[in-house]
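For clarity, every value in this text was computed on a predicted model and none was experimentally measured.
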Amino acid sequence: MPTVIRFLLSLAALAALLGVIAGAFVAHLPDQFFAQGGRDMARQAIQMQMWHALGLLGIGILMMQAGCQRLVSLAGCAMALGMCIFCGAVYFTAFTGIHLGAVAPTGGSILMLSWLLLAVGVIRS
């Protein structure tokens with residue numbers, strides 16, 4: 001199995017695992033561990049993380065079936081990067097109350113780009 005497929009499938013599984021763990025923590029931690037409104041913000045990050053973990057899983061499976069096409073591979077790598085940047089920034093803000101400027105929007109933009117790359121890659125295949 002090509003390295004990029006192993007990477008995407010492994011990251012998908014780890015992102016889902018960490019999403020479940022984060023969900024348990026967010027559900028059970030006392031309010032003082034969160035910034036104001038942070039619990040809801042963390043829940044939104046968990047939701048985005050879990051959806052994109054499934055997206056990475058789907059991309060990995062698609063690549064196993066259809067081969068490692070350049071745009072689909074790029075979409076998977078962009079999705080992995082965007083998920084880490086976006087969710088990481090939102091988690092950070094949820095727990096500290098400190099906004100990291102354009103970090104979360106940059107991660108979100110990379111996520112949007114990854115879905116566009118996936119669509120174009122599938123259409124071109």
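In this structure Met50 satisfies the side chain to side chain contact (heavy atoms under 4.5 Å, CB included) test together with Ala16, Val20, Ile46, sequence neighbours excluded. Taking Ser109 as the reference, nothing meets the side chain to side chain contact (heavy atoms under 4.5 Å, CB included) condition, with sequence neighbours excluded. In this structure Met64 satisfies the side chain to side chain contact (heavy atoms under 4.5 Å, CB included) test together with Met1, Ile5, Leu9, sequence neighbours excluded. For Trp115, the ring pair (Phe, Tyr, Trp, His ring centres under 6.0 Å) test picks out His52, with sequence neighbours left out. Remark: Arg43 engages Asp40 in a salt bridge (charged side-chain N to carboxylate O under 4.0 Å, His left out) (not counting sequence neighbours). Evaluation of the side chain to side chain contact (heavy atoms under 4.5 Å, CB included) rule for Leu74 yields Leu117 as partners, not counting sequence neighbours.
Hydrophobic clustering (ILVMFWY, side-chain heavy atoms < 4.5 Å, transitive): Leu11 and Leu81 are in distinct clusters. Residue Ile21 is grouped with residue Phe33 when hydrophobic side chains (ILVMFWY) are merged at heavy-atom distances under 4.5 angstrom, including chains of intermediate members. Hydrophobic clustering keeps Met41 apart from Val103 (ILVMFWY residues linked when any side-chain heavy atoms are closer than 4.5 Å, directly or through intermediates). Follow the hydrophobic side-chain contacts under 4.5 Å out from Met83 and you never reach Leu18; the two are in separate clusters.
Nearest heavy-atom pair across Ala42 and Val26 is CB-CG2, 3.6 Å. When all heavy atoms are compared, the tightest approach of Ala15 to Ala53 is CB-CB, 3.9 Å. The minimum heavy-atom distance between Leu56 and Ala12, with the atom names listed, is CB-CB, 3.7 Å. Across every non-hydrogen atom of Leu8 and Cys77, the tightest pair is CD2-N, 4.0 Å.
Under the side-chain hydrogen bond (donor to acceptor under 3.5 Å, both in side chains) criterion, no residue pair touches residues 62-82, with sequence neighbours excluded. Pairs of residues two or more places apart, or lying in two chains, never qualify as salt bridge (charged side-chain N to carboxylate O under 4.0 Å, His left out) while including a residue from residues 81-102. Contacts classified as ring-ring contact (aromatic ring centres under 6.0 Å, His included) and involving residues 54-76 (residues at least two apart or in different chains) are not found. The ring-ring contact (aromatic ring centres under 6.0 Å, His included) contacts involving residues 8-29 comprise nothing, where partners must be two or more places apart or lie in separate chains. Screening residues 13-32 for salt bridge (charged side-chain N to carboxylate O under 4.0 Å, His left out), with sequence neighbours left out, gives Asp31-Arg39.
Atom CG of residue Leu118 and atom CD1 of residue Ile123 lie 9.5 Å apart, to the nearest 0.5 angstrom. The CG atom of Leu57 sits 4.0 Å away from atom CD1 of Ile61, with the distance rounded to the nearest 0.5 Å. The CG atom of Leu71 sits 10.0 Å away from the OG atom of Ser125 when rounded to the nearest 0.5 Å.
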Using residues 84-101 as the side-chain source, report each donor-acceptor pair under 3.5 Å to any protein atom, sequence neighbours left out, with the distance given to one decimal.
residue	atom	partner	partner atom	Å
Tyr91	OH	Gln49	OE1	2.8
Thr93	OG1	Ala89	O	3.1
Thr93	OG1	Ile98	O	3.0
Thr96	OG1	Phe92	O	2.7
Thr96	OG1	Ile98	N	3.1

Before giving the answer on side-chain contact (heavy atoms from CB on, under 4.5 Å), spell out for Leu111 and Met48 the whole-Å C-alpha distance, their side-chain angles and the decisive distance to 0.1 Å. CA-CA 10 Å; Leu111 287 172; Met48 288 294 284; 4.1 Å; yes

